[in-house]
Each structure stands twice: as C-alpha cells, then as structure tokens.
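In each ligand, atom 1 is the first atom listed, and ligand 1 is the first ligand listed.
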Amino acid sequence: MNRNGEPSFRDSVDLMFNRAVRLMDLSPGLEQKIRVCNSTYTVRFGVRLRGKIETFTGYRSVHSEHMEPVKGGIRYALSVNQDEVEALAALMTYKCALVETPFGGSKGGLCIDPRAWDEHELEQITRRFAYELIKRDLIHPAQNVPAPDMGTGEREMAWIADQYMRMNTTDINGRACVTGKPPHAGGIQGRVEATGRGVQYALQEFFRHPEDMAKAGLTGGLEGKRVIVQGLGNVGYHAAKFLSEEDGCKITAIIERDGGLQSDTGLDVEDVRQWMMKQGTIKGYPSAAFTENGAPLLEGECDILIPAAMEGVIHQGNAANIKAPLIIEAANGPITFGADEILREKGVVIIPDMYANAGGVTVSYFEWVKNLSHIRFGRMQRRAEEARSRLLVEELERLSADQHLGWTLSPDFKEKFLTGSDELALVRSGLDDTMRTAYQAMREIWHGRGDVDDLRTAAYIVSIGRVAQSYRSKGL
Ligand code: NAD
C-alpha cells in the first residue's frame with residue numbers, strides 16, 4: 001500500500017496482470033513464474049565528492065529472462081526505490097513482448113537528485129554505479145542492456161558505454177552494452193525523440209480506426225484536438241512538439257513540477273521548452289497563463305490527456321474528475337489500479353503505457369542491432385535506391401518528351417522520390433511499423449473477444465501469451 005491507501009506501483013502492475021490472466025488459460029505455476037520479479041540487486045557505494053564521501057543507493061532488477069539480454073532504462077530520482085524499480089522491470093517484460101523486441105525485462109535506478117550535482121560529479125557517480133553493475137554482468141551486451149529513463153539521457157549512456165569498454169577492452173561488441181548513446185558514441189539517429197515519436201505514431205494509429213475513436217466519443221482526425229500534457233521532459237516534449245507541429249493538435253495546457261501553463265489557443269511547445277531550458281522553470285513564461293498548482297490541470301477539458309512525467313499521478317483521489325475521453329500513458333504507470341477501474345467505469349479509453357511509450361525500447365533495439373552489426377542503417381542501400389529511382393524518373397521524362405505527352409514531375413515530388421532513405425528515415429519507418437503492428441495485435445483482442453473491454457487488458461493478454469509461449473518452448 002502507498003500512503004494514499006492505494007496499492008504500491010508494483011502491486012498495481014500485478015493487479016493489472018491478474019485481471020488479464022483471469023481471462024487466459026495458463027497453469028497457476030506458469031502464471032506465477034511470469035508475474036514474479038526474478039532478482040533485484042541493491043548496491044550502496046561511496047564516491048568522494050566535495051571533500052567527503054557520499055553514499056548512494058542503486059538498484060538493478062531483472063524481471064524476466066525468458067529472452068536475453070534483458071532490457072530497461074536507468075532512472076535517476078530521489079524517489080527511486082525497490083518497489084518502483086521492480087514495477088518498471090515488469091512493465092519492460094510486457095512492453096518488449098508486445099512490440100516484439102527480443103528482450104526480457106529489467107530496470108535500474110539510483111536514488112539521487114541529478115540537479116544537485118554538477119556534470120563532473122555526475123560523471124564520477126555514474127561511472128562508479130556502472131562499475132558496480134558491470135562487474136556483476138548487470139550491464140553487458142549479451143545479458144543486460146540499460147537505456148535512458150527519467151533523469152538520465154545520452155550523456156549518462158555515453159559514460160556507461162565508455163566505462164564498460166574500459167573494463168572490457170577486447171569486447172568487440174562493447175558498445176552494445178547500453179543504448180540511448182549519442183550518435184557520435186555509437187548511438188542511432190532518432191533515439192532521443194523515439195519515445196515521444198512513438199506516442200505520436202500510437203495516436204495516429206488510434207485515429208485510423210473510427211470504431212475505436214467512437215469508444216472515446218471522438219470523431220475526425222488529430223487536427224484541432226485539444227491536448228493536455230504533463231511533463232515537458234524527453235517524452236512529453238517530443239510528443240507535444242510532433243503532435244502540435246505535424247498533426248495540428250492544440251496543446252492547451254502543459255503541467256510541470258513547478259506549476260502549469262494554459263492557453264485555449266494552444267501553446268508553442270518549442271518556445272515553452274526553450275524558456276524552461278534557459279530559466280530552469282516554466283514560471284514567468286510570458287505567452288500563457290501560469291498557475292502555481294499544476295496537478296489540477298490534469299482535470300481540464302480536453303480531447304487527449306498525455307501524462308508524460310511519472311507514475312501514480314492519476315489516482316483514486318482525482319480519477320473521477322478527469323474529463324479527457326482519451327488518455328495515452330506516455331509515462332510508465334501514471335494511472336493507479338484504482339484509478340484505472342474508475343476511468344474504465346466512466347468509459348474513458350486508455351492507451352496503456354506498455355504500448356504507448358514502447359517507442360524508446362523499439363529504437364533502442366535498432367541501436368543494439370546497429371552496434372552488433374557495426375554498420376549504420378542504410379549505408380549499403382541508400383545510393384542504390386537513389387540510382388533506381390533516378391532511372392525511373394529519367395525514363396518517364398524520356399517517354400514524355402518522345403511521345404509529346406507534356407508530363408512534368410513536380411520538383412517537390414522529384415526531390416522526395418530521388419532521396420534514398422538515411423538512417424533517421426529508416427528508424428522512423430521501423431518505429432511506425434512497430435507501433436502499427438502492436439496496435440493491431442491489441443485491437444484484435446479488444447474487439448475480437450467478448451470479455452475484454454479495454455486496451456490495457458488486451459495488451460497484457462498479448463504480452464503474457466507471448467512470454468508464456470517462450471517459457472513453454474524452453475520446456476518450463
Ligand atoms: P525526463 O526526466 O526527461 O522528464 C520528466 C519531466 O517531468 C521533467 O521535465 C520533470 O520536470 C517533469 N516532472 C517531474 N515531476 C513532475 C510532476 N510531479 N508534475 C509534472 N511534471 C513533473 O523523463 P522522461 O525520460 O521524459 O520520462 C518520463 C516518463 O516516461 C517516465 O515515466 C519514464 O519511465 C517514461 N519513459 C521514458 C522513456 C525514455 O525513453 N526516456 C521511455 C519509456 C518510458
């Protein structure tokens with residue numbers, strides 16, 4: 001139980017799991033095997049900082065090793081604890097199965113306020129934490145591959161990769177020990193934006209199905225839809241930016257840790273983000289109304305609500321007041337089990353976390369494959385693709401001239417058609433395909449059987465089914 005009398009994050013995940021397995025035909029033994037977290041390693045280590053030794057506590061949980069390596073981000077936050085890390089590791093298992101990335105589930109966390117330390121200090125702390133995990137194979141290209149999460153990003157991943165390679169100088173696949181690295185250090189184009197981009201692709205896919213939109217009482221396309229976003233970090237910023245700049249959504253409120261901004265005509269996401277990066281707060285942003293207490297804005301009138309900050313923000317205390325007919329869980333676990341029941345009762349459609357934010361692990365998978373193959377995506381094909389397109393364009397132009405047909409290809413079409421796919425285009429294409437395919441799998445269960453009336457249960461059924469199949473084929 002947490003302090004509001006609701007189940008803890010891990011219990012919440014387990015309750016959602018139980019709700020789904022009740023509709024499946026699994027033996028109790030296998031069900032239990034899939035549910036439990038295999039192991040959690042806790043480490044306490046000291047780092048000499050500012051003239052004294054500071055002790056930090058970190059965790060790495062492995063939820064399921066039905067496939068290896070196991071995969072999952074490393075979070076830096078003061079609130080990190082074993083329960084949270086285990087809940088997040090379980091979600092990673094189900095997420096990887098749902099989007100068919102060949103990994104088991106894991107997660108890591110360090111109890112730290114990253115804003116309290118400068119860059120050099122954070123590097124020392126990160127290298128030391130990484131050292132502790134690497135020496136136990138809890139960071140390893142074939143066994144356990146972390147990625148960024150709340151409070152960490154490309155910079156920390158580059159330090160971790162470098163630390164691994166210093167300790168394993170002859171491992172030719174060393175760079176694959178962690179994903180989310182900057183492109184110059186073995187990363188892949190499109191990883192930073194990937195989770196937010198995946199949220200956009202998930203919504204685009206949802207809006208391709210009028211039947212699904214009708215369940216949320218929505219019509220039309222994404223254009224003009226009013227969106228409220230909580231958390232303008234990596235995930236929330238990219239999701240809000242792409243939805244407003246590319247799909248015509250109106251971001252009517254942004255909720256951050258220190259307050260909220262509101263504008264009925266829509267916020268300029270890039271402008272707000274620039275302000276926040278410079279000032280360290282959204283307070284004082286000149287082009288919108290500011291309110292000190294941001295959380296009640298979650299209850300505002302809108303078409304789509306995107307919690308993209310942290311877990312447990314929609315709970316039994318505020319769920320009944322939520323007005324959004326559609327919620328997409330960009331964060332992990334933003335809706336507690338109790339709130340989920342209230343929202344389902346109200347007919348709110350929830351696109352669940354294990355699907356909605358799977359863009360990150362999907363592109364991490366591409367990065368891992370790139371590291372193992374030691375070649376950038378598109379390097380072999382791009383110019384060949386362009387040469388073929390050019391042949392076709394030249395032939396069309398020749399035909400038009402010879403036959404006096406008067407055809408002219410627009411310069412815009414020609415430029416697009418003659419440009420071969422670079423790594424970013426391939427990554428986005430692979431991500432879009434993944435998000436569409438996974439949605440179809442959930443949708444089949446959601447509409448295909450009479451006893452499943454929400455996407456979350458459908459997602460669990462797909463994932464658990466796949467993990468069960470994997471265990472069965474191992475003879476378990
Ligand atoms: P981040 O640290 O980049 O951003 C989090 C943002 O939320 C920050 O701007 C922070 O100020 C804000 N925030 C914190 N507490 C808040 C509060 N109480 N109210 C409003 N805003 C608050 O983290 P992120 O990587 O964007 O992760 C956000 C969520 O998405 C987490 O649940 C994480 O597990 C999940 N997620 C992240 C990734 C990824 O690739 N980064 C992938 C999958 C899931």
Side-chain angles (χ1 to χ4, degrees), residues 9 13 71-80 84-85 87-89 91-92 94-96 98-99 101 105 107-109 112-115 146-157 178-181 187-188 190-199 202 228-241 253-261 269 272-273 275-277 279-283 291-298 305-315 318 328-335 352-365 367 431:
F9 187 10
V13 171
K71 190 107 191 56
I74 291 186
R75 171 176 288 196
Y76 281 5
L78 273 180
S79 53
V80 161
E84 176 185 270
V85 175
L88 290 165
L91 280 176
M92 281 307 298
Y94 310 135
K95 190 180 304 185
C96 289
L98 183 63
V99 294
T101 53
K107 201 82 182 191
I112 185 175
D113 176 2
R115 290 168 307 166
D149 193 69
M150 223 166 106
T152 58
E154 285 189 333
R155 185 184 61 175
E156 288 73 15
M157 302 307 116
V178 66
T179 57
K181 304 177 291 294
I188 193 168
R191 174 60 185 89
V192 175
E193 66 167 42
T195 311
R197 183 65 79 181
V199 171
I228 295 178
V229 183
Q230 184 190 41
L232 203 62
N234 179 303
V235 179
Y237 159 66
H238 285 105
K241 180 181 165 73
I254 291 176
I255 307 161
E256 254 295 323
R257 64 169 87 228
D258 49 2
L261 295 174
V269 175
V272 177
R273 170 83 168 184
W275 176 273
M276 188 171 122
M277 298 312 277
Q279 312 289 331
T281 170
I282 54 167
K283 219 184 221 168
T291 161
E292 198 87 38
N293 186 8
L297 296 186
L298 286 170
L305 175 60
I306 311 184
M310 56 189 292
E311 59 266 18
V313 293
I314 301 174
H315 43 78
N318 63 1
I328 177 157
E329 294 184 312
N332 282 308
I335 300 178
D353 46 9
M354 77 172 76
Y355 166 68
N357 66 36
V361 75
T362 301
V363 176
S364 275
Y365 167 45
E367 180 178 333
L431 175 58

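A side-chain contact (heavy atoms from CB on, under 4.5 Å) with K107 is found for exactly one of L91, V80, V85, namely V85.
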Worksheet entry | Worked check of side-chain hydrogen bond (donor to acceptor under 3.5 Å, both in side chains) between R75 and T152 | CA-CA 6 Å; R75 171 176 288 196; T152 58; over 6 Å; no
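Atoms CE and OG1, on M157 and T179 in that order, are 8.0 Å from each other to the nearest 0.5 Å.
Ion pairing of E256 with K283 is absent here, as no side-chain N (NZ or NE/NH1/NH2) approaches a carboxylate O to less than 4.0 Å.
A pairwise comparison of heavy atoms in A358 and K95 identifies CB-CG, 3.7 Å as the closest pair. Nearest approach of A295 to I255, heavy atoms of both residues: N-CG2, 4.1 Å.
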Give a table of atom pairs where an N or O of ligand 1 lies under 3.5 Å from a protein N or O.
from	atom 1	to	atom 2	distance (Å)
ligand 1	2 (O)	G151	N	3.1
ligand 1	3 (O)	N234	N	2.9
ligand 1	9 (O)	G233	N	3.4
ligand 1	9 (O)	E256	OE2	2.6
ligand 1	11 (O)	E256	OE1	2.5
ligand 1	11 (O)	E256	OE2	3.4
ligand 1	11 (O)	R257	NE	3.0
ligand 1	11 (O)	R257	NH2	3.4
ligand 1	21 (N)	R257	N	3.3
ligand 1	26 (O)	N234	N	3.2
ligand 1	26 (O)	V235	N	2.9
ligand 1	32 (O)	R75	NH2	3.4
ligand 1	32 (O)	N332	N	3.1
ligand 1	34 (O)	R75	NH2	2.9
ligand 1	34 (O)	D149	OD1	2.7
ligand 1	34 (O)	D149	OD2	3.3
ligand 1	34 (O)	N332	ND2	2.9
ligand 1	40 (O)	T195	OG1	2.8

